[in-house]
Every structure is written in C-alpha cells, then in structure tokens.
Number of protein chains: 2
Amino acid sequence: MEDKLLKDLFLGFIKVHILHHAAKERIYGQEFSEELQRHGYQISYGTLYPLFHKLEEQGYLKSENENVKGKVRRYYTLTKSGNKILEKAKLQAKELVDELYEE
Amino acid sequence: MEDKLLKDLFLGFIKVHILHHAAKERIYGQEFSEELQRHGYQISYGTLYPLFHKLEEQGYLKSENENVKGKVRRYYTLTKSGNKILEKAKLQAKELVDELYEE
DNA sequence: TTGACAATATCGAATTACGATATTAGATTT
DNA sequence: AAATCTAATATCGTAATTCGATATTGTCAA
C-alpha cells in the first residue's frame with residue numbers, strides 16, 4: 001500500500017472485513033492477517049488484536065479459546081448484532097463507492 | 001452516523017471523496033462540508049481543513065484564494081497526480097466492496 | 001474605524017495505529 | 001518433571017488523527 005490515502009481507505013474497511021469474514025467462518029488473528037497479506041493488504045498486530053477486542057466489547061463478535069496442536073487460538077464468530085451492523089456497513093460502503101462511479 | 005464503525009468507514013473514504021469532487025469542480029471547505037451533511041455525513045472542521053492542507057502538501061490538490069462578496073474562500077482543484085491517486089483509490093474501493101458482496 | 005460575518009485556521013485533549021517486545025500455555029525434549 | 005520451543009495473543013510507548021471549541025482572517029457596510 002504505497003500511499004497513505006490508500007492505506008486509510010483500507011483501514012476504514014478493516015472492521016467491516018473482519019465482521020464479513022467472521023460471518024462466513026470462525027476466524028482468528030494470525031490467519032486473518034495472513035489472508036489479508038495474500039490479498040496485498042497489511043495491518044500491524046498492534047492494531048489488529050485491539051480491534052478484535054473492541055469488536056467483542058461492542059458485542060459484534062464473540063470469542064472462545066481453543067487449543068490446536070498445543071497452541072492457543074482465540075476464535076471469533078459474528079453475533080446477531082454484529083450481523084446487523086455488518087449489513088448496514090455493506091450498504092454504506094456500496095453507496096460510497098457507487099457515488100464515485102456514477103455521474 | 002450512529003455507530004463508530006460506520007463513521008470510520010466513512011472517514012476512510014473522505015479523502016477520496018474530496019478528490020472526487022475536486023475533479024468535477026472547484027470546491028471549498030464550507031460548501032463541501034454542507035454537501036456532506038446533505039448526504040447524511042458529517043466531519044468536523046478541525047478535521048476537514050487540515051485534510052485539505054495535507055492533500056495540497058502532497059500535491060494532490062492545488063488552491064487559490066478568492067473573494068466572494070467580501071469573504072475569502074480557498075478554492076481547491078485536482079492536480080494531475082491527484083487524479084492518478086484518485087483512480088487508484090476508486091479501483092481499490094470498488095475491489096473492497098465487491099469482496100463484501102461476492103461469494 | 002468599528003461591527004458584522006463567512007470562511008478558514010489552529011488549539012488541547014482523547015483516541016488510534018504502529019513496530020517492538022512480552023506473555024501465554026501446551027508440546028517436545030532431555 | 002524441568003527446561004526449552006513455538007504459534008498465537010497481548011501489551012507497551014510513541015507518533016499521528018479526530019474532535020469540538022476557539023481564534024483569526026479579510027472585506028463590506030454603517
């Protein structure tokens with residue numbers, strides 16, 4: 001992400017994408033971060049983990065620890081209210097993009 | 001914008017929308033802010049004006065003062081490099097939204 | 001020359017993002 | 001069973017943003 005403008009755009013989306021992925025399957029930090037990188041995006045763990053915490057505090061995600069090969073993972077899934085805000089966010093995002101292309 | 005998540009999403013877009021509008025016509029802070037409000041969005045002047053300054057510093061906008069009925073306005077227009085980054089940002093934004101809807 | 005006003009600019013406090021470092025806890029090795 | 005290893009999570013101090021409030025600018029009208 002060469003330019004700060006593009007990075008900020010991405011950062012605005014990051015929470016929405018977290019919820020979006022958590023809606024499809026259980027996610028955890030490490031894997032989510034790697035998936036982003038595969039798509040050419042990047043976010044610091046110092047940003048990502050606090051984001052997960054905050055989304056859980058707000059009631060959009062819920063989490064459970066699980067041991068996988070002796071390592072602890074914190075899996076997150078979407079809550080009902082998380083799904084509600086996700087749908088709102090998708091609409092808003094679409095609206096904002098559409099305006100960039102219409103006219 | 002009831003929810004912080006939605007607001008952050010919007011804030012990620014704000015610079016792109018500034019450039020987008022400046023591409024269509026000369027814009028200035030007060031008017032741009034009012035136009036946002038008409039669309040249900042809102043941004044503090046303490047955020048907006050420094051953003052204009054930064055976008056100009058980075059060479060994406062250029063500005064000129066103009067007197068309108070005895071009041072000074074700073075009009076901004078898009079530069080060539082501003083247009084370049086705008087096109088990149090539009091593509092990225094579309095990509096990010098598309099992923100929320102596909103699958 | 002002082003008031004009034006639209007618009008822009010800037011301030012201090014609170015929040016956020018970053019990279020780096022520390023912590024966790026089960027598995028493996030000795 | 002103590003020590004070591006390791007994937008993953010958590011946290012730290014610093015720098016950068018965002019906010020609402022306040023200050024400043026520059027021209028016209030009285």
Side-chain angles (χ1 to χ4, degrees), chain A residues 1-18 21-22 25-38 41-58 60-77, chain B residues 1-18 21-22 25-38 41-58 60-77:
Chain A
M1 221 135 15
E2 62 263 59
D3 194 286
K4 184 122 198 339
L5 189 148
L6 298 180
K7 167 148 234 183
D8 288 346
L9 179 59
F10 164 69
L11 275 176
F13 269 96
I14 186 66
K15 290 188 221 161
V16 185
H17 272 269
I18 289 174
H21 279 93
E25 59 189 342
R26 299 196 307 166
I27 61 173
Y28 66 99
Q30 203 69 228
E31 179 198 51
F32 181 77
S33 167
E34 284 162 16
E35 158 113 20
L36 283 183
Q37 277 182 296
R38 257 178 266 125
Y41 297 109
Q42 204 216 324
I43 188 172
S44 161
Y45 287 117
T47 304
L48 185 59
Y49 284 112
L51 272 186
F52 275 111
H53 301 165
K54 196 159 296 177
L55 288 170
E56 181 163 28
E57 264 176 42
Q58 292 177 290
Y60 296 151
L61 292 177
K62 59 178 181 297
S63 74
E64 49 183 348
N65 278 343
E66 189 168 319
N67 298 333
V68 179
K69 295 189 183 184
K71 302 302 177 297
V72 181
R73 285 183 193 168
R74 181 168 286 271
Y75 277 108
Y76 289 90
T77 51
Chain B
M1 220 134 18
E2 63 264 57
D3 195 285
K4 186 120 198 337
L5 189 148
L6 298 180
K7 167 147 232 182
D8 288 347
L9 178 59
F10 164 69
L11 275 176
F13 268 95
I14 186 68
K15 291 188 219 160
V16 185
H17 273 268
I18 290 173
H21 278 93
E25 58 188 344
R26 299 195 308 165
I27 61 173
Y28 67 100
Q30 202 69 227
E31 178 198 51
F32 181 77
S33 168
E34 284 162 16
E35 158 112 20
L36 284 183
Q37 278 182 295
R38 256 177 267 125
Y41 297 110
Q42 203 216 326
I43 186 172
S44 160
Y45 287 118
T47 303
L48 185 60
Y49 285 112
L51 272 186
F52 275 111
H53 301 164
K54 196 160 294 176
L55 288 170
E56 180 162 29
E57 266 175 40
Q58 290 177 290
Y60 296 150
L61 292 177
K62 59 178 182 298
S63 72
E64 49 183 348
N65 277 343
E66 191 168 318
N67 298 333
V68 179
K69 297 187 181 183
K71 302 302 177 299
V72 181
R73 285 184 193 167
R74 181 168 287 271
Y75 276 108
Y76 290 89
T77 52

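For the numbers below, each heavy atom of this structure counts, side chains included, while hydrogens, waters and symmetry mates do not.
Remark: Lys7(A) does not engage Asp3(A) in a salt bridge, criterion side-chain N to carboxylate O under 4.0 Å. A salt bridge is absent between Glu57(A) and Lys54(A); no separation between the charged side-chain nitrogens and carboxylate oxygens falls under 4.0 Å. Salt-bridge check for Arg26(A) with Glu66(A): passed, with a basic side-chain N closer than 4.0 Å to an acidic carboxylate O.
Between the side chain of Glu56(B) and the backbone N or O of Ser63(B) there is at least one donor-acceptor pair closer than 3.5 Å. A distance-only check finds a donor-acceptor pair linking the side chain of His21(A) to the backbone of His17(A) [under 3.5 Å].
We find that CZ of Phe32(B) is positioned 16 Å from C1' of dA7(C), with the value rounded to whole Å.
Looking at heavy-atom distances under 4.0 Å, Tyr28(B) makes contact with sugar-phosphate atoms alone, never a base.
In this structure Tyr28(B) satisfies the side-chain hydrogen bond (donor to acceptor under 3.5 Å, both in side chains) test together with Arg73(B), sequence neighbours excluded. Every residue meeting the ring pair (Phe, Tyr, Trp, His ring centres under 6.0 Å) condition with Tyr76(B), not counting sequence neighbours, appears here in chain and number order: Phe52(B).
Once rounded to the nearest 0.5 Å, the distance linking CZ of Phe32(B) with CD1 of Ile18(B) reads 4.5 Å.
In this structure, Tyr49(B) and His53(B) have tilted ring planes: the angle between them lies in the 30° to 60° band.
A 4.0 Å heavy-atom criterion places the boundary nucleotides of DNA chain D facing chain A at dT6(D) to dT17(D), written 5' to 3'.
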Pick out the pairs of N or O atoms, protein on one side and nucleotides 10-18 of chain C on the other, that lie under 3.5 Å.
| from | atom 1 | to | atom 2 | distance (Å) |
| --- | --- | --- | --- | --- |
| dT16(C) | OP1 | Lys4(B) | NZ | 3.2 |
| dT16(C) | OP2 | Lys54(A) | NZ | 2.7 |
| dC18(C) | OP1 | Lys7(A) | NZ | 3.1 |
| dC18(C) | OP2 | Thr47(A) | OG1 | 2.3 |

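For the helix from dT1(C)-dA30(D) to dT30(C)-dA1(D), the rotation axes defined at the first and last 5 base pairs enclose an angle of 20°, given to the nearest 10°.
Contact check of residues 61-74 of chain B against DNA chain C (heavy atom, cut-off under 4.0 Å) returns Lys71(B), Val72(B), Arg73(B), Arg74(B).
Of all non-hydrogen atoms in Leu48(A) and Ser33(A), the two that sit nearest each other are CD2-CB, 4.0 Å. Shortest non-hydrogen contact noted between Gln42(A) and Phe10(A) is O-CE2, 3.6 Å.
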